[in-house]
Amino acid sequence: MKQLVRLFLAIVIVSALLLWGISSLNASQGYSGDNTLTVYNWGDYIDPELISQFEEETGISVIYETFDSNEAMMTKIQQGGTSYDVAVPSEYTIDKMREEGLLIPLDHNQIPNLKNIDSRFMDLPFDPGNQYSVPYFWGTVGIVYNPSMIDNRKLTSWNDLWNPAFENEILLIDGAREVMGMGLNSLGYSLNDTNVDHLRAAKEKLDELTPNVKAIVGDEIKMLMANEEAAIGLVWSGDASDIMYENENLDYVVPSEGSNLWFDSMVIPKTAKNVEGAHKFINFMLDPEVSAQNTEWVSYSTPNKAALPLMPEDMTSDERFYPSEELTKKLEVYENLGQSNLAFYNELFLEFKMHRK
Ligand code: SPD
């Protein structure tokens, strides 16, 4: 009898240990269901205090991971190893993810704060009816520069950057579409060009910029520019706004040849295990006060109309970061160019990076 009791106790203990092991493993991979939410976002793209506020208000604990390019984010979601509940891709990637069946349709009834989004950011061609995505931040691509480091020259055009006077003075954000886009725009081509000769010409033009390129970097571009380690940077507008807050000597310009207008939006990937929690998180981020606080912290431009009056006026009236509708109409939004064209952009960008070494 004693032996039976011992055996029974041993089975209970082993089972409990096994259950505990499985649940810890799941929690570390974002698999623990209703009480956990795994959010996958760009680096420096949320006020960490808001994550704590969401956790306190809902009792859901957030596992937060970051990425530095749409391509890296999408590969991770395709692999399916982690159960991301919310991700924040840009427009052409949303279209691509939708096409590949990687997104879950949103239930708008669970996102009443959607009403706070300015209608001009809704129903855009990459996601008609916002079936899969909800606007998070938007902006442009342009040049942030420090006139005092370049003899008070004024920069207005992409082609200005090829000036030999700027040797080793330029930092580029590490984005294939952004850098290739600069090459294309400087030659008068579209950001969505798929003509092989045009793309090769853009890459050759970029090779000619090599002596002026100091480094190709990620989020550290903000610190490097603010510390005056380089005079000129190819950046997303929100990074420029952040840099200019740190160092008032700098200015930001959207080049005259044209540039990119981009939109980052929240989506629920197919990997989601907590779809209800994901809707709660999206709705929370669209609350006017939350959105205003987040926008002040992140420094990017908010599509949340109800948040604008709660933010400092000098921020929302700055036309460099809240450009007029008229200017934005002249800019191009990246399109989903299809697998092989996008792969060609990435290949040429990689060749350009190798050419520098
Ligand atoms: N550090 C946050 C960076 C967010 C940039 N998103 C812009 C993507 C444009 N395609």
Side-chain angles (χ1 to χ4, degrees), residues 39-48 50-51 64-77 86-97 121 124-127 133-144 171-185 190-192 216-226 233-246 252 254-255 258-267 285 291 294-303 320-323 328 331-337 341-342 345-346 349:
V39 177
Y40 200 24
N41 199 355
W42 296 83
D44 289 350
Y45 222 27
I46 198 166
D47 177 349
L50 291 170
I51 299 180
Y64 193 78
E65 278 188 33
T66 60
F67 57 84
D68 56 15
S69 74
N70 280 295
E71 290 67 29
M73 180 272 314
M74 191 166 152
T75 305
K76 212 56 199 299
I77 287 177
V86 176
V88 189
S90 311
E91 62 304 294
Y92 70 99
T93 309
I94 293 173
D95 193 33
K96 208 161 169 252
M97 291 175 86
F121 299 106
L124 294 175
F126 58 88
D127 182 21
S133 68
V134 163
Y136 185 62
F137 284 115
W138 66 284
T140 56
V141 168
I143 303 170
V144 67
L171 296 174
L172 303 177
I173 195 77
D174 192 1
R177 298 238 19 201
E178 285 73 12
V179 176
M180 282 298 293
M182 173 172 70
L184 287 164
N185 269 172
S190 159
L191 292 176
N192 295 306
I216 302 177
V217 287
D219 280 334
E220 61 272 32
I221 201 165
K222 293 186 279 185
M223 185 262 294
L224 294 170
M225 290 299 303
L234 164 75
V235 290
W236 294 303
S237 49
D239 284 354
S241 158
D242 197 31
I243 294 163
M244 286 158 61
Y245 180 78
E246 295 295 329
Y252 176 73
V254 175
S259 188
N260 167 236
L261 173 70
W262 56 262
F263 308 95
D264 288 342
S265 303
M266 294 179 278
V267 299
M285 293 312 299
S291 176
N294 200 30
T295 306
E296 279 193 59
W297 193 93
V298 171
S299 247
Y300 276 68
S301 312
T302 181
R320 290 169 299 187
F321 305 115
Y322 286 89
T328 57
L331 302 175
E332 276 184 288
V333 178
Y334 297 138
E335 286 165 20
N336 171 12
L337 304 175
N341 289 317
L342 289 175
Y345 268 71
N346 290 333
F349 178 52

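First listed ligand is number 1; within each ligand, the first listed atom is number 1. In this text, all values refer to a predicted model and were calculated from it rather than measured experimentally. For reference, positions follow the sequence shown, starting with 1.
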Side-chain donor-acceptor pair present, [X], [Y], cut-off under 3.5 Å:
X: Ser265; Y: Glu91; value: no
X: Asn192; Y: Arg177; value: yes
X: Asn41; Y: Tyr64; value: yes

Protein contact of [atom] - nearest heavy atom, named by residue and atom, plus distance:
atom: atom 8 (C) of ligand 1; value: Ser90 OG, 3.4 Å
atom: atom 3 (C) of ligand 1; value: Tyr300 OH, 3.5 Å
atom: atom 2 (C) of ligand 1; value: Gly43 O, 3.3 Å
atom: atom 7 (C) of ligand 1; value: Asp264 OD2, 3.4 Å

Say whether Asp219, considering both its backbone and side-chain N or O atoms, lies within less than 3.5 Å of an N or O atom on ligand 1.
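Looking only at distances, the answer is yes, because the N/O contact criterion of under 3.5 Å is met.
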If we only count N/O pairs under 3.5 Å, is Tyr334 in contact with ligand 1?
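Between Tyr334 and ligand 1, no N or O pair is found under 3.5 Å apart.
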Give the minimum heavy-atom separation between Leu331 and Val254, together with the two atoms involved.
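Closest approach of Leu331 to Val254, heavy atoms only: CD2-CG1, 3.9 Å.
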Relative to the heavy atoms of Glu178, which atoms of ligand 1 are at a distance of less than 4.0 Å?
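Result: 9 (C), 10 (N).
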Under 4.0 Å, heavy-atom basis, I'd like to know which part of Asn260 is in contact with ligand 1: side chain, backbone, both or neither.
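For Asn260, no heavy atom sits under 4.0 Å from ligand 1.
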Check each of Trp236, Tyr300, Tyr45 against Asp264 using the side chain to side chain donor-acceptor pair (under 3.5 Å) test, and report the only one that passes.
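The option that passes is Tyr45.
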Determine whether Tyr322 and Trp138 satisfy the following criterion, side-chain contact (heavy atoms from CB on, under 4.5 Å), listing intermediate values before the conclusion.
CA-CA 9 Å; Tyr322 286 89; Trp138 66 284; 4.0 Å; yes
